[in-house]
Number of protein chains: 2
Amino acid sequence: MKNLLYLKDEQIKDCIQLLLYAYRETFSDPLEILKKNSLGAAHYRALHLVERNEGININELLIKLKITKQSLNRVLKELKRLKLIKQLKDKNDTRRKLLYLDQNGKKFYQEVFESQKKRIFNALKHSDSDSVIKFKEVLKKIINGKK
Amino acid sequence: MKNLLYLKDEQIKDCIQLLLYAYRETFSDPLEILKKNSLGAAHYRALHLVERNEGININELLIKLKITKQSLNRVLKELKRLKLIKQLKDKNDTRRKLLYLDQNGKKFYQEVFESQKKRIFNALKHSDSDSVIKFKEVLKKIINGKK
DNA sequence: TAAAATATGTCAACATATCTGACCAAAATA
DNA sequence: TATTTTGGTCAGATATGTTGACATATTTTA
């Protein structure tokens, strides 16, 4: 049995705290721009997922966001009102509604993303390629978790 | 100029998404136990910081949490009521109140931490020492951010 | 084809955790 | 003594989530 220092409780607590701070800072950066448009973090999370998964339907989005459809609906209603996203019927199953960024959406998303990007960009720029790969690997293991 | 693949927008978006998911999963694990005691994530964040900084005062805690004193006050009131934390006056400056875990607090904190620890522990266990070091380095750069 | 399942939308009520702004008191410091 | 610092409190607002109930259109299944 190796003496795995980095598995000691204090080290784990360190990781948890770093994760909390990194998340908080990363997601507080874009709040200002969002607020100007009377939107919040929840709208951005949905917008981000639509941007990265153009044509996603409501159900898939719900699963990724892990919120109820009532909560999501409120968010989507406002995003549609502001012409940031649009819905098109799935031709193979017209019950399903597929989500896309609308005209304003692409521009707005890019603006919000830029505000958030700076922090990550600088962090990665000052890290080497290997560090970034390992950083993402550990994050993925945390996400998939539970042994 | 090197061709830094990992600085492309798509890679940055990947990182942001991983960070969001890792945070969400890590902090959703302990919610069940907290809820049994009618506490939430906010109480745990405060409890965690008191555990890691025994004798911290209110102002320092406010700065670490980045919330208003009104919000913190409500959280601390409940933690004190449940005998999870206690306040002692600073003898050098009796305006200041220093926070410590109370009897119940140590036991309760450990229980909640264990529920959260599993996920991180497994992720780190399946990573090598170098990966963990680099993982933490990148997180720190993200936190200190802004060039 | 009739019944069941699926995908989405909506209403209402409520819970939680945050915020702002105003104001107060005790203690330390200039 | 006047000002600043530290902490507490009240009241109201906002953002985001929850449950539960119900409606509609469409697809799938028996």
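Chain identifiers are assigned alphabetically (A, B, ...) following the order of the sequence lines, protein sequences preceding nucleic acid strands; residue numbering begins at 1 within each chain.
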| said: Any non-hydrogen side-chain atom of A:Asp9 less than 4.5 Å from a side-chain atom of B:Phe113? | reply: yes
| N-O pairing of B:Lys140 and B:Glu137 below 4.0 Å | no
| said: My understanding is that only residues two or more places apart in sequence, or in another chain, count here; which of them pass side chain to side chain donor-acceptor pair (under 3.5 Å) with A:Ser129? | reply: none
| field | Side-chain touch A:Gln11/B:Leu124, heavy atoms, less than 4.5 angstrom | value | no
| task | Go through DNA chain D and write down every stem, that is, every run of at least three consecutive Watson-Crick or G-U wobble pairs with distances under 3.5 Å, as range with range. | result | C:1-30 with D:1-30
| request: Indicate if A:Ile142 and A:Leu7 have the same hydrophobic cluster label, given that clusters are the connected sets of ILVMFWY residues with side-chain heavy-atom separations under 4.5 angstrom. | output: yes
| field | Pair listing, side chain to side chain donor-acceptor pair (under 3.5 Å) test, anchored in residues 31-42 of chain B, at least two apart | value | none
Enumerate the protein-to-nucleotides 19-22 of chain C contacts in which both atoms are nitrogen or oxygen and the separation is below 3.5 Å.
{"residue": "C:dC19", "atom": "OP2", "partner": "B:Thr68", "partner atom": "N", "Å": "2.9"}
{"residue": "C:dC19", "atom": "OP2", "partner": "B:Thr68", "partner atom": "OG1", "Å": "3.0"}
{"residue": "C:dC19", "atom": "OP2", "partner": "B:Ser71", "partner atom": "OG", "Å": "2.9"}
{"residue": "C:dG21", "atom": "O6", "partner": "B:Gln70", "partner atom": "NE2", "Å": "2.7"}
{"residue": "C:dA22", "atom": "N6", "partner": "B:Gln70", "partner atom": "NE2", "Å": "3.4"}

| query | Going by an N to O cut-off under 4.0 Å, is there a salt bridge joining A:Glu51 and A:Lys106? | reply | no
| task | Run the salt-bridge test on A:Asp14 and B:Lys136 with the 4.0 Å N-O cut-off and return the result as yes or no. | result | yes
| task | Considering non-hydrogen atoms only, spot the tightest contact between A:Arg119 and B:Gly145 and give its length. | result | NH1-CA, 3.9 Å
| task | Would you mind listing the cluster partners of B:Ile133? Hydrophobic ones only (ILVMFWY), side-chain contacts under 4.5 Å, chaining allowed. | result | none
| Strand contacts (DNA chain C) in residues 75-89 of chain A, 4.0 angstrom heavy-atom criterion | A:Lys77, A:Lys80, A:Gln87
| message | According to ring-ring contact (aromatic ring centres under 6.0 Å, His included), does anything in residues 26-57 of chain A pair up with another residue at least two apart or in another chain? List the pairs. | response | A:Tyr23-A:Phe27
| 4.5 Å side-chain heavy-atom contact, B:Leu139 and B:Leu19 | yes
| Distance-minimising heavy-atom pair for B:Val50 and B:Leu61 | CG2-CD2, 4.2 Å
| request: Using the test side chain to side chain contact (heavy atoms under 4.5 Å, CB included), find all partners of B:Lys86 that sit at least two apart in sequence or belong to another chain. | output: B:Tyr100, B:Asp102
| Of all heavy-atom pairs between B:Ser115 and B:Ile33, which one has the smallest distance, and what is that distance? | CB-CD1, 3.6 Å
| request: Establish, for the pair A:Lys117 and A:Phe121, whether the NZ or CZ atom is under 6.0 angstrom from the six-membered ring centre and no further than 45 degrees off its axis. | output: yes
| message | Could you work out, with side chain to side chain donor-acceptor pair (under 3.5 Å) as the rule, every residue matching A:Asp130, not counting sequence neighbours? | response | A:Lys134, B:Lys134
| query | Looking at DNA chain D, which of residues 37-65 of chain B put a heavy atom within less than 4.0 Å of it? | reply | B:Asn57, B:Ile58, B:Asn59
| Does any residue of residues 92-101 of chain B have a heavy atom under 4.0 Å from DNA chain C, and if so, which ones, in number order? | B:Asp93, B:Thr94, B:Arg95
| message | Below 4.0 Å from chain A heavy atoms, what is the first contacting nucleotide of DNA chain D and what is the last? | response | D:dT16 to D:dT27
